Structures are given as structure tokens and as C-alpha cells.
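To start, the structure under review is shown below, and the notes come after it.
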Protein chains: 2
Amino acid sequence: MTTETRALASDLSLAVVRLTRHLRGRRVDAQVSLTQLSALATLDQEGAMTPGALAAREKVQPPSMTRVVASLAELGLVERSPHPTDGRQIIVSLSSSGQALLADETHAREAWMNEQLSGLGSADLVTLRSAVEIITAMVSKPE
Amino acid sequence: MTTETRALASDLSLAVVRLTRHLRGRRVDAQVSLTQLSALATLDQEGAMTPGALAAREKVQPPSMTRVVASLAELGLVERSPHPTDGRQIIVSLSSSGQALLADETHAREAWMNEQLSGLGSADLVTLRSAVEIITAMVSKPE
DNA sequence: TATTGTTATACTCTATAACTATA
DNA sequence: TATAGTTATAGAGTATAACAATA
């Protein structure tokens, strides 16, 4: 591993932590938090699944996902239904409200981030898009 | 603004939130948290400053920085000294322990991230380096 | 006995509001 | 009166440990 790669690991860590701080702070009046939005997005992309599977997919522990799912169910954004054959499990699915909210978020929210991106040139946008793909692959890998 | 830019805003938000979750979770046995490390890195790069200036630079509210600085001082990683002319202010500076820890972190920690980066090709590393610069500029802008 | 999900509990990070000391 | 910093308090996000229900 090169010195540059090690420095990149450190710099990338600080950059994403600071960016996350911004993003979370700017959503205080949003309908759902980024944690909730992340779970909704996974349900949208991968379909209904059990809380355990969603926890694994989001890379959090099951009790953490219990709380997220409970809050989303209370908001009517997901629905919980019994598993057809295994009484221990339940199936979490996106409700129509959840789908609608997700569409709104994807297309119109993230105002601050949208503004930042508007100030960038197309080369920078291409770079960020590529970075998103790399990071997504990184955090999606099974352990 | 294009549809692609809006989708990028959404995807980038989710990617960095998920990556941050990973990074924080993997530091439970580290000497300092990412929040503390971020403050140390700013002190290292920009020199000693008041808690207020550090809060502004890190884009957090002053009470949040009070806690971070207090925890770092308790660990002996920063020192607090009186402002030469203004009795209300104090100056926070990196201690030699703080500098040493920062050097260690930069060069040897972030083990998980280092491992992920080791699996990437040089083109991806260049992309991530560029993305770090773009994100850093984004979160460093005065409001 | 093993697995799934939940409850109980605790810690970190961050915020706003109120307070103290100094300018 | 205004500013810098701290204290008090609260809420979100996450974790581990212990529990209940079902397989």
C-alpha cells in the first residue's frame, strides 16, 4: 500500500464524516431522517424483506433496524405483514406513501446538496458519480 | 439542473451516510472517535485557534465543540491556554501527544478503509482522491 | 437448541436554550 | 449591551445483552 493510499483513506474518512454531519443537520425539518431514507431506498430497490434482512443489507444490528422500521411504520411509510410460512418472521414492505415520499426525496429534496452540485462543472459531477459507485460497492460487500 | 444531478444528490447522500455508519462502527476500540479526529486534523492543518473558530471551521455549534475539546483535553491530545488579550477567549492547540496520534492515525489506522482501497485499481483511487477534494471544498465553504 | 425479532439500557454526536464572565 | 464559552437538557442513531416466540 502506498503512502498516498493511506492518506486517501484518512482524507476520505474525514470528508465523508463531515459531509454526513452537514446532510443530517440540514434535514431537521424533513419528513424522514437520512437513516430512515436509507432504509426506504433499500426497500424500494430490493423489494420487501424481513427486518433481519434489511438490517443485514443496511449493515446495522437487528435492534437498530427494529427502531427504524417501527418509526417508518408509525409514519405509514412501510407496512409489516406476517411471513407466510415462518411465524417468527415478518415482512416489511414499502407502502404507497413510502413510495411517493421516496420519489419526492429523490427528485426534489436534498436542496443544499443540489445547490452545491449546481456549482460544479460536468467533470466534477462525473467524478462524484464514479465515487458514488465505488463507495456503494465498498459498503455493499458482504463481510 | 438535470435529472441526473438530482439523482446524484440523492445517491451521494445515501452513499456517504452509509459509509460514515461503517467508519464510525469500526472505530469502537480506537483511541479517538472520527469526530475527535476531525477536530484534531483541523487543528493540525490550520494551527491553534479558539473553540469558537474551531466550531465554525468544523461546521458545528459551539456547545458541540465544547464537548469535543473537553474530551480531547482530558485525553491530553489538546491544550487550552488563555487568550493573550481577551479574557473571554481561550486558545486550543494540539499537544505533542495529539500530533503523534494524528500521525499514527493518518499512516496506520483506518484499517478497514485501507483494505477496501487496496482492492481498487489506480483509476478508482484517482477518482476517490478527486471526490475528496470536491467534497472538502463543498463542506469548507463559508455559509 | 437455534433463530427471529423485540425490549431494556447505554453511549456518542449534535442541537437549542439558558447561564457566566468578560469586553 | 454584545460576545465567547460553558452548562443543562433533549433527541437521533447505534450498540450489546437479555428476553419471548417460533422453528
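Just so we're on the same page: letters track the sequence lines, and every chain starts at 1. All of these numbers come straight from a predicted model, not from anything done at the bench.
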Length of the CG-C1' vector between B:Leu54 and D:dA4, whole Å: 14 Å
N/O (side chain, B:Ser64) to phosphate O (OP1/OP2, C:dA15) under 4.0 Å: yes
Under 4.0 angstrom between A:Thr50 side-chain N/O and C:dT4 OP1 or OP2: no
Distance, rounded to the nearest Å, where A:Gln61 contributes CD and C:dG5 contributes P: 13 Å
Distance in angstrom units between B:Leu19 CG and D:dT14 P, rounded: 13 Å
Distance test, side-chain N/O of B:Thr35 to OP1/OP2 of C:dT12, below 4.0 Å: no
N or O in side chain of A:Thr66 less than 4.0 angstrom from C:dT7 OP1/OP2: no
Euclidean distance, atom NZ of residue B:Lys59 to atom P of C:dT14 [Å, nearest integer]: 14 Å
Short side-chain N/O contact to D:dT14 OP1/OP2 from B:Arg21, under 4.0 Å: yes
Side-chain touch A:Arg18/B:Lys59, heavy atoms, less than 4.5 angstrom: no
Sub-4.5 Å side-chain heavy-atom contact between A:Gln31 and A:Leu75: no
Nucleotide C:dT14, atom C1' - distance to CG of A:Leu34 in whole Å: 14 Å
Whole angstrom value for the distance that separates P of D:dT3 from CD1 of B:Ile90: 19 Å
Check: B:Arg24 side chain, B:Leu19 main-chain N or O, donor-acceptor pair, under 3.5 Å: no
Nearest-Å distance for atom pair CZ/C1', residues A:Arg88 and D:dC19: 16 Å
Touch class at under 4.0 angstrom, heavy-atom based, for A:Ser38 against every strand present: nothing
Position toward the 5' end of DNA chain D (nearest nucleotide), B:Pro63 or B:Arg67: B:Pro63
Whole-Å gap separating P (C:dT3) and CD (A:Gln89): 12 Å
Under-4.0 Å side-chain N/O to phosphate OP1/OP2 contact, A:Arg24 with D:dG13: yes
Sugar-phosphate, base or nothing in reach of A:Thr85, heavy atoms under 4.0 Å: sugar-phosphate
